[in-house]
Each structure stands twice: as structure tokens, then as C-alpha cells.
Amino acid sequence: MQDLQNKLREFAARREWEQFHTPKNLVMALAGEVGELIEIFQWLTPKEAIGIMSDDSRAGHVAEELADVFGYLLRLADELEVDLAQALNHKIEMNELKYPADKARGRSTKYTDL
Ligand SMILES: [Mg+2]
């Protein structure tokens with residue numbers, strides 16, 4: 001993950017784009033890329049969405065948009081000096097406590113209502 005963040009930071013620096021990579025701009029770019037991912041799925045049936053990676057014409061587009069989302073997420077975390085792996089591990093631990101498997105199994109209920 002650190003290698004990817006370094007690569008993205010260097011990519012931006014070589015183009016003098018750091019000036020544009022403010023947290024506000026990066027979070028907006030991230031949301032824009034999530035929007036592009038949503039656009040691929042928005043009119044699909046649930047069955048079509050599940051099988052999307054079997055559709056060669058759409059699979060590459062999905063992978064590209066996921067990469068765009070991931071790239072901006074990494075850039076944003078880099079600029080904010082957030083260790084994403086550590087933050088995600090922390091969230092997983094918190095969710096283990098909020099959603100005990102014996103109570104949450106097979107249910108989509110919010111933790112406050114378990
Ligand atoms: Mg995109």
C-alpha cells in the first residue's frame with residue numbers, strides 16, 4: 001500500500017499537481033469516481049450485477065473505476081497522513097464488538113437494534 005501511495009504521490013509531483021490535491025479536492029474526486037462506478041451498475045438487475053465480471057465488455061470498465069476509487073482513496077489517506085491499513089484493522093475490530101457473530105448471523109439489522 002505504501003508503494004502505491006509513493007507511486008501516486010510521485011505521479012502527481014512530476015506534473016506539479018500537488019497544488020490541486022487538497023483534501024477537499026481529493027474527497028470530491030473520490031466521490032466522483034464512486035459515481036462513475038455507480039453509473040455502471042445503476043440500471044442492472046441484481047442478477048446482472050452479480051454476473052458483471054463475466055461480461056467482458058463491462059468487466060474492464062468495473063476494474064478501471066475500482067482502481068480510480070482506490071487511487072483517490074490512497075491519495076486522500078496519504079495527504080491526511082492516515083494509515084489506511086491500521087484504520088481498517090481498527091474498524092474491523094470495532095465491528096467485531098458491534099456485531100457479535102452469534103447475534104448478527106444472517107441478519108442485516110443495525111448494531112443498535114441487535
Ligand atoms: Mg473513472
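Remember, it's 1-based here, ligands and their atoms both numbered in the order they're listed.
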What N/O/S atom of [X] gets nearest to the Mg ion (ligand 1)?
| X | result |
| --- | --- |
| E65 | OE1 |
| D68 | OD2 |
| E36 | OE1 |
| E33 | OE1 |

- prompt: Counting backbone and side chain alike, does E64 bring an N/O/S atom below 2.8 Å of the Mg ion (ligand 1)?
  reply: no
field: Side-chain ion pair, D78 and R75, N-O less than 4.0 Å
entry: yes
- prompt: Under the 3.5 angstrom rule, does the side chain of N25 hit a backbone N or O of F20 as a donor-acceptor pair?
  reply: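 Between the backbone of F20 and the side chain of N25 there is a qualifying donor-acceptor contact (under 3.5 Å).
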query: Is V62 close to F41 at the side-chain level, that is, under 4.5 Å between some pair of heavy atoms?
result: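 The answer is yes, as the side chains (C-beta and beyond) meet within the 4.5 Å cut-off.
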- prompt: Do L4 and F70 have side chains that get closer than 4.5 Å, going by heavy atoms?
  reply: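 They are in contact (side-chain heavy atoms under 4.5 Å apart), so the answer is yes.
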- prompt: Just wondering, are more than 12 heavy atoms of other shown residues or ligands nearer than 6.0 Å to CD in Q86?
  reply: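 Open.
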